[in-house]
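Some notes on the structure that comes next.
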Amino acid sequence: MSPVLTAETGSGVVELGPALSIFDPVYIGIDEFGHPKRVPLIERNMLIGGEPGSGKSGLLNGVVAHAALSLDCRLCLLDGKRVELGQWRKCADVFVGPDIVEANKTLHRLQIMMDNRYAYLESCERRKIKPADVFTAYLVAIDEIAYYSATVGSKQQREEFSTRLRDLVARGRAVGIIVVAATQRPSSTIIPTDLRDLFAWRFAGRCTNDSSSDIVLGHGWAQKGWSANVISPNNPGAGLLIAESGSPELVKVAFLDDRTCAAIAAYAATLRATAAGMVTPLRRPRPRAA
(Lines give C-alpha, C1' and ligand atoms only; values in the text may rest on other atoms or scores of the structure.)
Protein backbone atom coordinates (compact mmCIF):
# COMPACT_ATOMS: atom_id res chain seq x y z
CA MET A 1 0.00 0.00 0.00
CA SER A 2 1.38 3.42 -0.95
CA PRO A 3 1.94 6.04 1.79
CA VAL A 4 -0.92 8.44 2.51
CA LEU A 5 -1.16 12.01 3.75
CA THR A 6 -3.87 13.16 6.15
CA ALA A 7 -5.92 16.05 4.75
CA GLU A 8 -5.77 19.28 6.77
CA THR A 9 -9.55 19.24 7.13
CA GLY A 10 -9.36 15.98 9.03
CA SER A 11 -12.13 14.56 6.85
CA GLY A 12 -10.06 11.61 5.70
CA VAL A 13 -6.89 10.67 3.91
CA VAL A 14 -5.64 11.35 0.43
CA GLU A 15 -3.12 9.39 -1.60
CA LEU A 16 0.45 10.59 -1.57
CA GLY A 17 0.80 13.40 -4.09
CA PRO A 18 2.88 12.81 -7.20
CA ALA A 19 6.60 13.08 -6.60
CA LEU A 20 9.25 14.14 -9.07
CA SER A 21 12.39 12.21 -9.96
CA ILE A 22 15.97 13.42 -10.06
CA PHE A 23 16.20 11.54 -13.36
CA ASP A 24 13.64 13.99 -14.81
CA PRO A 25 14.92 17.18 -16.48
CA VAL A 26 14.82 20.08 -14.03
CA TYR A 27 12.77 23.18 -14.93
CA ILE A 28 14.91 26.27 -14.46
CA GLY A 29 12.98 29.01 -16.31
CA ILE A 30 12.40 30.17 -19.87
CA ASP A 31 14.63 30.80 -22.87
CA GLU A 32 14.72 34.02 -24.87
CA PHE A 33 11.72 32.86 -26.92
CA GLY A 34 9.60 32.24 -23.84
CA HIS A 35 9.82 28.46 -24.07
CA PRO A 36 10.31 26.38 -20.92
CA LYS A 37 13.93 25.52 -20.25
CA ARG A 38 14.70 22.19 -18.60
CA VAL A 39 18.08 20.64 -18.01
CA PRO A 40 19.09 17.10 -17.03
CA LEU A 41 21.08 17.00 -13.79
CA ILE A 42 21.69 13.31 -13.17
CA GLU A 43 25.34 12.52 -13.96
CA ARG A 44 26.01 16.25 -14.19
CA ASN A 45 26.98 19.19 -12.00
CA MET A 46 26.08 22.88 -12.15
CA LEU A 47 28.08 26.02 -11.42
CA ILE A 48 26.19 29.28 -10.77
CA GLY A 49 27.92 32.66 -10.66
CA GLY A 50 26.95 36.31 -10.72
CA GLU A 51 26.67 39.45 -8.68
CA PRO A 52 23.99 39.84 -5.96
CA GLY A 53 20.52 40.09 -7.47
CA SER A 54 21.54 38.36 -10.69
CA GLY A 55 19.28 35.34 -10.20
CA LYS A 56 21.74 32.80 -8.87
CA SER A 57 19.73 32.26 -5.67
CA GLY A 58 16.56 31.73 -7.69
CA LEU A 59 18.25 29.09 -9.82
CA LEU A 60 19.82 27.37 -6.82
CA ASN A 61 16.52 27.23 -4.94
CA GLY A 62 14.71 25.99 -8.04
CA VAL A 63 17.12 23.07 -8.37
CA VAL A 64 16.88 22.28 -4.65
CA ALA A 65 13.08 22.40 -4.86
CA HIS A 66 13.08 19.78 -7.64
CA ALA A 67 15.43 17.56 -5.65
CA ALA A 68 13.38 17.99 -2.46
CA LEU A 69 10.27 16.78 -4.30
CA SER A 70 12.17 13.79 -5.72
CA LEU A 71 11.97 10.81 -3.39
CA ASP A 72 14.86 9.18 -5.28
CA CYS A 73 17.22 11.96 -4.19
CA ARG A 74 18.66 12.97 -0.83
CA LEU A 75 19.78 16.49 0.02
CA CYS A 76 23.05 17.67 1.50
CA LEU A 77 23.07 21.47 1.92
CA LEU A 78 25.95 23.80 2.76
CA ASP A 79 25.04 27.43 3.37
CA GLY A 80 27.41 29.88 5.01
CA LYS A 81 24.59 32.41 5.48
CA ARG A 82 22.18 29.76 6.78
CA VAL A 83 19.13 31.58 5.35
CA GLU A 84 19.57 31.05 1.60
CA LEU A 85 18.93 27.31 1.83
CA GLY A 86 17.61 27.31 5.37
CA GLN A 87 14.00 26.76 4.35
CA TRP A 88 14.97 23.33 2.99
CA ARG A 89 16.63 22.21 6.23
CA LYS A 90 13.83 19.79 7.17
CA CYS A 91 14.11 18.13 3.76
CA ALA A 92 17.86 17.56 4.04
CA ASP A 93 19.82 14.69 5.52
CA VAL A 94 22.62 17.14 6.29
CA PHE A 95 22.58 20.92 6.71
CA VAL A 96 25.85 22.76 7.30
CA GLY A 97 25.93 26.41 8.28
CA PRO A 98 28.96 28.71 8.75
CA ASP A 99 31.22 25.93 10.04
CA ILE A 100 34.27 24.99 7.95
CA VAL A 101 35.07 22.01 10.17
CA GLU A 102 31.60 20.51 9.72
CA ALA A 103 31.73 21.33 6.00
CA ASN A 104 34.96 19.36 5.57
CA LYS A 105 33.62 16.46 7.63
CA THR A 106 30.52 16.35 5.43
CA LEU A 107 32.51 16.35 2.20
CA HIS A 108 34.72 13.61 3.64
CA ARG A 109 31.69 11.48 4.45
CA LEU A 110 30.42 12.00 0.92
CA GLN A 111 33.80 10.90 -0.46
CA ILE A 112 33.63 7.70 1.62
CA MET A 113 30.12 7.05 0.32
CA MET A 114 31.29 7.72 -3.24
CA ASP A 115 34.14 5.22 -2.93
CA ASN A 116 31.80 2.60 -1.45
CA ARG A 117 29.39 3.08 -4.33
CA TYR A 118 32.15 2.66 -6.87
CA ALA A 119 33.20 -0.55 -5.15
CA TYR A 120 29.61 -1.79 -5.45
CA LEU A 121 29.39 -0.87 -9.14
CA GLU A 122 32.70 -2.58 -9.79
CA SER A 123 31.45 -5.77 -8.13
CA CYS A 124 28.32 -5.63 -10.33
CA GLU A 125 30.37 -4.89 -13.47
CA ARG A 126 28.49 -1.63 -13.97
CA ARG A 127 29.64 1.91 -14.69
CA LYS A 128 26.93 4.22 -13.34
CA ILE A 129 23.75 4.65 -11.30
CA LYS A 130 20.35 3.87 -12.81
CA PRO A 131 16.71 4.63 -11.86
CA ALA A 132 15.36 2.57 -8.92
CA ASP A 133 18.90 1.58 -7.98
CA VAL A 134 19.87 0.14 -4.60
CA PHE A 135 21.17 3.57 -3.62
CA THR A 136 19.66 6.98 -4.30
CA ALA A 137 21.17 10.10 -5.79
CA TYR A 138 22.47 12.94 -3.62
CA LEU A 139 22.20 16.63 -4.41
CA VAL A 140 25.04 18.55 -2.77
CA ALA A 141 24.01 22.22 -2.90
CA ILE A 142 26.50 24.87 -1.83
CA ASP A 143 25.63 28.52 -1.48
CA GLU A 144 28.72 30.69 -1.74
CA ILE A 145 31.77 28.55 -2.49
CA ALA A 146 33.99 31.46 -1.49
CA TYR A 147 32.82 31.38 2.12
CA TYR A 148 34.28 27.92 2.64
CA SER A 149 37.17 28.05 0.16
CA ALA A 150 38.49 31.57 0.69
CA THR A 151 36.98 33.28 3.76
CA VAL A 152 36.44 31.25 6.91
CA GLY A 153 38.89 29.02 8.79
CA SER A 154 42.59 28.45 8.30
CA LYS A 155 44.40 28.20 4.97
CA GLN A 156 44.74 24.46 5.46
CA GLN A 157 41.00 24.07 6.12
CA ARG A 158 40.09 26.14 3.06
CA GLU A 159 42.45 24.13 0.87
CA GLU A 160 41.00 20.91 2.25
CA PHE A 161 37.49 22.07 1.34
CA SER A 162 38.54 22.97 -2.21
CA THR A 163 40.34 19.65 -2.69
CA ARG A 164 37.44 17.55 -1.41
CA LEU A 165 34.91 19.55 -3.45
CA ARG A 166 36.94 19.09 -6.62
CA ASP A 167 37.08 15.34 -6.01
CA LEU A 168 33.29 15.12 -5.60
CA VAL A 169 32.69 17.14 -8.77
CA ALA A 170 35.22 15.08 -10.72
CA ARG A 171 34.24 11.57 -9.61
CA GLY A 172 30.76 11.73 -8.12
CA ARG A 173 28.60 11.95 -11.22
CA ALA A 174 28.49 8.27 -12.14
CA VAL A 175 27.38 7.26 -8.63
CA GLY A 176 24.60 9.83 -8.36
CA ILE A 177 26.35 12.66 -6.50
CA ILE A 178 25.27 15.95 -8.07
CA VAL A 179 27.06 19.14 -7.02
CA VAL A 180 25.33 22.48 -7.56
CA ALA A 181 27.49 25.35 -6.32
CA ALA A 182 26.93 29.10 -6.39
CA THR A 183 29.18 32.10 -5.85
CA GLN A 184 28.76 35.86 -6.08
CA ARG A 185 32.49 36.39 -6.47
CA PRO A 186 33.50 34.75 -9.76
CA SER A 187 37.29 34.87 -9.76
CA SER A 188 40.10 32.50 -10.66
CA THR A 189 41.00 32.06 -6.99
CA ILE A 190 37.46 30.94 -6.15
CA ILE A 191 36.76 28.95 -9.33
CA PRO A 192 40.00 27.59 -10.82
CA THR A 193 39.81 26.63 -14.50
CA ASP A 194 40.32 22.94 -13.78
CA LEU A 195 37.35 23.00 -11.37
CA ARG A 196 35.07 25.07 -13.62
CA ASP A 197 35.54 22.76 -16.58
CA LEU A 198 34.24 19.82 -14.54
CA PHE A 199 30.77 21.41 -14.30
CA ALA A 200 28.56 20.29 -17.18
CA TRP A 201 26.14 23.19 -16.70
CA ARG A 202 27.37 26.73 -16.01
CA PHE A 203 25.13 29.75 -15.47
CA ALA A 204 26.46 33.30 -15.44
CA GLY A 205 24.07 35.91 -14.10
CA ARG A 206 24.98 39.55 -14.50
CA CYS A 207 28.70 40.05 -13.80
CA THR A 208 30.64 43.26 -13.24
CA ASN A 209 33.09 42.60 -16.09
CA ASP A 210 33.86 40.32 -19.02
CA SER A 211 36.56 38.50 -17.08
CA SER A 212 34.14 37.39 -14.36
CA SER A 213 31.71 36.19 -17.03
CA ASP A 214 34.44 34.13 -18.71
CA ILE A 215 35.46 32.61 -15.38
CA VAL A 216 31.99 31.04 -15.15
CA LEU A 217 31.26 30.30 -18.83
CA GLY A 218 34.78 29.55 -20.04
CA HIS A 219 37.66 31.47 -21.53
CA GLY A 220 37.02 33.38 -24.75
CA TRP A 221 33.24 33.62 -24.76
CA ALA A 222 33.24 37.37 -24.06
CA GLN A 223 35.36 37.95 -27.17
CA LYS A 224 32.78 36.01 -29.17
CA GLY A 225 30.02 38.32 -27.95
CA TRP A 226 28.76 36.24 -25.02
CA SER A 227 29.25 38.21 -21.82
CA ALA A 228 27.02 38.40 -18.77
CA ASN A 229 28.38 41.93 -18.26
CA VAL A 230 25.93 43.29 -20.84
CA ILE A 231 22.86 42.00 -19.01
CA SER A 232 20.83 44.86 -17.60
CA PRO A 233 20.72 45.20 -13.80
CA ASN A 234 16.99 45.90 -14.30
CA ASN A 235 16.51 42.39 -15.65
CA PRO A 236 17.08 40.16 -12.58
CA GLY A 237 17.16 36.45 -13.28
CA ALA A 238 18.47 36.82 -16.81
CA GLY A 239 21.77 35.11 -17.53
CA LEU A 240 23.78 32.95 -19.88
CA LEU A 241 23.57 29.18 -19.59
CA ILE A 242 26.10 26.90 -21.21
CA ALA A 243 26.41 23.12 -21.33
CA GLU A 244 29.65 21.25 -21.82
CA SER A 245 30.63 21.25 -25.50
CA GLY A 246 27.82 23.74 -26.18
CA SER A 247 27.31 27.45 -26.73
CA PRO A 248 25.80 29.97 -24.30
CA GLU A 249 22.11 30.74 -24.48
CA LEU A 250 20.11 33.49 -22.83
CA VAL A 251 17.67 32.29 -20.19
CA LYS A 252 15.62 33.84 -17.42
CA VAL A 253 15.51 31.66 -14.34
CA ALA A 254 12.33 31.07 -12.38
CA PHE A 255 11.91 32.99 -9.13
CA LEU A 256 10.58 31.43 -5.95
CA ASP A 257 9.75 33.97 -3.28
CA ASP A 258 10.09 33.15 0.41
CA ARG A 259 6.45 32.17 0.82
CA THR A 260 6.53 29.83 -2.20
CA CYS A 261 9.82 28.26 -1.08
CA ALA A 262 8.41 27.70 2.40
CA ALA A 263 5.24 26.08 1.03
CA ILE A 264 7.16 23.74 -1.29
CA ALA A 265 9.66 22.89 1.44
CA ALA A 266 6.89 22.10 3.93
CA TYR A 267 5.12 19.83 1.46
CA ALA A 268 8.39 18.12 0.48
CA ALA A 269 9.24 17.52 4.14
CA THR A 270 5.81 15.96 4.72
CA LEU A 271 6.18 13.91 1.56
CA ARG A 272 9.54 12.58 2.72
CA ALA A 273 8.37 11.92 6.28
CA THR A 274 5.37 9.98 5.00
CA ALA A 275 7.57 7.92 2.71
CA ALA A 276 10.20 7.33 5.44
CA GLY A 277 11.88 3.99 5.24
CA MET A 278 11.94 3.95 1.46
CA VAL A 279 15.51 5.31 1.32
CA THR A 280 18.57 5.25 3.53
CA PRO A 281 19.99 8.61 4.74
CA LEU A 282 23.64 9.56 4.80
CA ARG A 283 25.22 8.45 8.04
CA ARG A 284 28.49 9.21 9.75
CA PRO A 285 31.06 6.44 9.24
CA ARG A 286 31.51 4.29 12.31
CA PRO A 287 35.03 4.20 13.74
CA ARG A 288 36.82 0.94 13.18
CA ALA A 289 37.63 -1.21 16.14
CA ALA A 290 41.25 -1.14 17.19
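- Residues Pro40 and Trp201 form a side-chain contact, since some pair of their non-hydrogen atoms from C-beta on lies under 4.5 Å apart.
- Applying the side chain to side chain donor-acceptor pair (under 3.5 Å) test to every pair with at least one member in residues 53-65, sequence neighbours left out, gives these pairs: Ser57-Glu84, Asn61-Trp88.
- Sorted by first and then second residue, the side chain to side chain donor-acceptor pair (under 3.5 Å) pairs involving residues 169-181 (not counting sequence neighbours) are Asp115-Arg171, Asp167-Arg171.
- Evaluation of the side chain to side chain contact (heavy atoms under 4.5 Å, CB included) rule for Ala273 yields no partner, not counting sequence neighbours.
- Atom NZ of Lys128 has 12 or fewer heavy atoms from other residues, nucleotides or ligands within 6.0 Å.
- Here Ile142 contributes atom CD1 and Cys76 contributes atom SG; the two are 8.0 Å apart, rounded to the nearest 0.5 Å.
- The closest donor-acceptor contact from the side chain of Arg202 to the backbone of Leu217 lies under 3.5 Å.
- Under a 3.5 Å cut-off, the side chain of Asp99 and the backbone N or O of Glu102 do form a donor-acceptor pair.
- Ile30 and Ile231 are not part of a single hydrophobic cluster, where members link through side-chain heavy atoms under 4.5 Å apart.
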Determine, stepwise, if the pair Ile145 / Leu165 fulfils side-chain contact (heavy atoms from CB on, under 4.5 Å). CA-CA 10 Å; Ile145 303 173; Leu165 176 61; 4.3 Å; yes

I'd like to know whether Leu168 forms a side-chain contact (heavy atoms from CB on, under 4.5 Å) with Gln111, so could you lay out the CA-CA distance, the side-chain angles of the two residues, the decisive distance to 0.1 Å, and finally the verdict. CA-CA 7 Å; Leu168 285 175; Gln111 285 178 298; 4.1 Å; yes

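- Checked against side chain to side chain contact (heavy atoms under 4.5 Å, CB included), Glu144 has the following partners two or more places apart in sequence or in another chain: Ala146, Tyr147, Thr183, Gln184.
- Looking only at atom types and distance, the side chain of Asp257 has a donor-acceptor partner in the side chain of Thr260 under 3.5 Å away.
- Using modelled atom types, one side-chain atom of Arg158 and one backbone atom of Gly153 make a donor-acceptor pair closer than 3.5 Å.
- When the side chain to side chain contact (heavy atoms under 4.5 Å, CB included) test is applied to Ala67, the partners found at least two apart in sequence or on another chain are Ile22, Cys73, Leu75, Leu139.
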Step by step, work out the side-chain contact (heavy atoms from CB on, under 4.5 Å) result for Gln157 and Val101. CA-CA 7 Å; Gln157 290 172 322; Val101 174; 3.5 Å; yes

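- Distance check, rounded to the nearest 0.5 Å: CG of Leu60 to CG of Leu85 gives 5.0 Å.
- Of the possible donor and acceptor atoms, none in the side chain of Arg89 sits under 3.5 Å from a partner among the backbone N and O of Gln87.
- In this structure, Met46 and Val39 have side chains that are in contact, with non-hydrogen atoms separated by less than 4.5 Å.
- Residue pairs that meet the ring pair (Phe, Tyr, Trp, His ring centres under 6.0 Å) test with at least one member in residues 227-250, sequence neighbours left out, do not exist here.
- At distances below 3.5 Å, at least one donor-acceptor pair connects side-chain atoms of Lys252 with backbone N or O atoms of Pro236.
- Applying the side chain to side chain donor-acceptor pair (under 3.5 Å) rule to pairs touching residues 219-234 yields Asp210-Ser227, sequence neighbours excluded.
- Applying the ring pair (Phe, Tyr, Trp, His ring centres under 6.0 Å) rule to pairs touching residues 150-200 yields Tyr148-Phe161, sequence neighbours excluded.
- In this structure the side chain of Arg272 reaches within 4.5 angstrom of the side chain of Arg74, judged on heavy atoms.
- Pairing each heavy atom of Arg127 with each of Ala174, the nearest pair is O-CB, 3.5 Å.
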side-chain contact (heavy atoms from CB on, under 4.5 Å), that's the test. Do Leu250 and Leu240 meet it? Break it down for me. CA-CA 5 Å; Leu250 184 64; Leu240 298 174; 4.1 Å; yes

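- With a 4.5 Å cut-off on side-chain heavy atoms, His66 and Leu41 do not count as touching.
- In this structure, the side chain of Asp143 does not engage the main chain of Asp79 through any donor-acceptor pair within 3.5 Å.
- In this structure, the side chains of Ile178 and Val140 stay at 4.5 Å or more apart for every pair of heavy atoms.
- Taken to the nearest 0.5 Å, the CD1 atom of Ile242 stands 11.5 Å off from the CG atom of Leu47.
- Evaluation of the ring pair (Phe, Tyr, Trp, His ring centres under 6.0 Å) test over residues 97-124, restricted to residues two or more places apart or in two chains, returns Tyr120-Phe135.
- A salt bridge is defined here as a Lys NZ or Arg NE, NH1 or NH2 lying under 4.0 Å from an Asp or Glu carboxylate O, and Asp133 with Arg117 fails to meet this definition.
- Listed by first and then second residue, the ring pair (Phe, Tyr, Trp, His ring centres under 6.0 Å) pairs involving residues 34-56 amount to none (not counting sequence neighbours).
- Using modelled atom types, no side-chain atom of Asp72 and backbone atom of Thr136 make a donor-acceptor pair closer than 3.5 Å.
- Linking ILVMFWY side-chain heavy atoms closer than 4.5 Å, directly or via other members, places Phe23 and Leu69 in a single hydrophobic cluster.
- The local environment of CZ in Arg82 is sparse, with at most 12 non-hydrogen atoms from other residues, nucleotides or ligands closer than 6.0 Å.
- The side chain to side chain contact (heavy atoms under 4.5 Å, CB included) test applied to Val230 returns no partner, not counting sequence neighbours.
- In this structure Asp24 satisfies the side-chain hydrogen bond (donor to acceptor under 3.5 Å, both in side chains) test with no other residue, sequence neighbours excluded.
- Side-chain atoms of Asp31 never come within 3.5 Å of backbone atoms of Glu249 as a donor-acceptor pair (strictly under, hydrogens ignored).
- Summarising the geometry, atom CZ belonging to Phe203 is positioned 7.5 Å from atom CG belonging to Leu241; distances are rounded to the nearest 0.5 Å.
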